[in-house]
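Hydrogens, waters and symmetry mates are skipped; everything else that's a heavy atom, side chains included, is used.
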Amino acid sequence: MQKKSLIQAHDKINWNHLNHDATQYTIWANGIYTALQANIWEDEEAIYKIFENMWNDSDYLMLKYKFGRRLMGVYGFRTYQTMETALRMYLSNDQIAYINNKILHGSPKRHITHKI
């Protein structure tokens, strides 16, 4: 199911609407992964700063696609997770709501319909 959602994300990207170079999304995807793996506490401020660079659905979907499925784990249990699944696993409901409501949907300049 996760693999199918990544293919769908890739297929929905409007390449003419990307606001950044494709390699930048890879850097940000790696940044999210690193922030989620940061010792005992995740680095939510770093994650917030990454999402502040998303301006439309294509930006969001490219970030999701570049994150792909990564090996994530808690307490010795490791499994491959998509970006949304990993964020939901590591961040609190309040932190997810902040990303969804304040960053992704909090400005009329942003045209993002997706939520984590």
Side-chain angles (χ1 to χ4, degrees):
M1 186 65 164
Q2 290 179 351
K3 196 171 193 177
K4 184 177 179 182
S5 76
L6 290 174
I7 293 169
Q8 290 171 341
H10 181 268
D11 292 346
K12 291 180 182 177
I13 295 169
N14 184 330
W15 299 87
N16 294 321
H17 291 165
L18 292 174
N19 288 293
H20 311 283
D21 183 55
T23 57
Q24 183 61 56
Y25 297 95
T26 302
I27 293 167
W28 285 327
N30 291 340
I32 290 172
Y33 178 77
T34 300
L36 292 176
Q37 298 294 314
N39 292 325
I40 298 172
W41 295 282
E42 64 284 333
D43 185 357
E44 67 274 358
E45 292 299 324
I47 295 168
Y48 297 159
K49 287 179 184 176
I50 290 168
F51 279 105
E52 288 171 356
N53 292 289
M54 304 298 111
W55 293 99
N56 59 44
D57 282 338
S58 292
D59 286 337
Y60 180 88
L61 292 170
M62 179 61 94
L63 180 63
K64 174 181 176 172
Y65 178 72
K66 291 294 187 170
F67 189 92
R69 293 172 63 234
R70 298 193 184 206
L71 191 58
M72 309 286 293
V74 178
Y75 306 116
F77 177 74
R78 297 174 61 82
T79 183
Y80 286 94
Q81 303 292 326
T82 62
M83 180 181 74
E84 288 103 340
T85 304
L87 288 167
R88 280 189 226 110
M89 184 168 76
Y90 282 90
L91 299 180
S92 71
N93 289 339
D94 288 342
Q95 292 167 326
I96 296 294
Y98 181 81
I99 293 170
N100 285 333
N101 301 326
K102 300 290 184 189
I103 299 175
L104 297 180
H105 301 109
S107 168
K109 295 180 182 179
R110 295 188 196 276
H111 303 286
I112 300 173
T113 59
H114 297 276
K115 288 188 174 190
I116 297 170

Out of the candidates Tyr25, Trp15, Phe67, only one should pair with His10 under the ring-ring contact (aromatic ring centres under 6.0 Å, His included) rule; please name it. Trp15
Could you give the distance from CG (Asn53) to CG (Leu63), rounded to the nearest 0.5 Å? 9.5 Å
Between CE of Met72 and CG of Leu87, what distance do you get to the nearest 0.5 Å? 8.0 Å
Can you check whether Asp59's main-chain N or O pairs, donor with acceptor, with Asn19's side chain at less than 3.5 Å? no
Answer yes or no: is there a side-chain heavy-atom contact under 4.5 Å between Ile27 and Lys66? no
Can you name the nearest heavy-atom pair linking His111 to Lys109, along with the distance? CD2-O, 3.5 Å
Which residue pairs satisfy the salt bridge (Lys or Arg N to Asp or Glu O under 4.0 Å) criterion with at least one member in residues 9-22, sequence neighbours excluded? none
Are any side-chain N or O atoms of His105 and backbone N or O atoms of Ile112, one a donor and one an acceptor, separated by less than 3.5 Å? yes
What are the two closest heavy atoms between Ile50 and Gly31, and how far apart are they? CD1-C, 3.8 Å
Could you grab the distance from atom CG of Leu104 to atom CD of Glu52, nearest 0.5 Å is fine? 10.0 Å
With heavy-atom distances below 4.5 Å as the criterion, would you say the side chains of Asp43 and Thr34 are in contact? no
In this structure, CE of Met62 is separated from NE2 of His17 (nearest 0.5 Å) by 13.5 Å
Under 3.5 Å, is there a donor-acceptor pair linking the side chains of Ser58 and Asn14? no
Answer whether the closest heavy-atom distance between the side chains of Phe51 and Ile32 falls below 4.5 Å. yes
Just how far is it from atom CH2 of Trp55 to atom CG of Leu18, taken to the nearest 0.5 Å? 15.0 Å
Working to the nearest 0.5 Å, report the span between CD1 of Ile47 and CE of Met83. 10.5 Å
Single-linkage hydrophobic cluster, 4.5 Å side-chain cutoff, Leu61 and Tyr33 together: yes
Please report, to 0.1 Å, the donor-acceptor pairs under 3.5 Å made by any side chain of residues 91-98, with sequence neighbours excluded.
unit_1 : atom_1 : unit_2 : atom_2 : d
Ser92  : OG     : Asp94  : N      : 3.4
Ser92  : OG     : Gln95  : N      : 3.1
Ser92  : OG     : Gln95  : OE1    : 3.4
Gln95  : OE1    : Ser92  : N      : 2.8

What's the verdict on side-chain contact (heavy atoms from CB on, under 4.5 Å) for Gln37 and Tyr90, showing C-alpha distance, side-chain angles and the deciding distance? CA-CA 9 Å; Gln37 298 294 314; Tyr90 282 90; 3.3 Å; yes
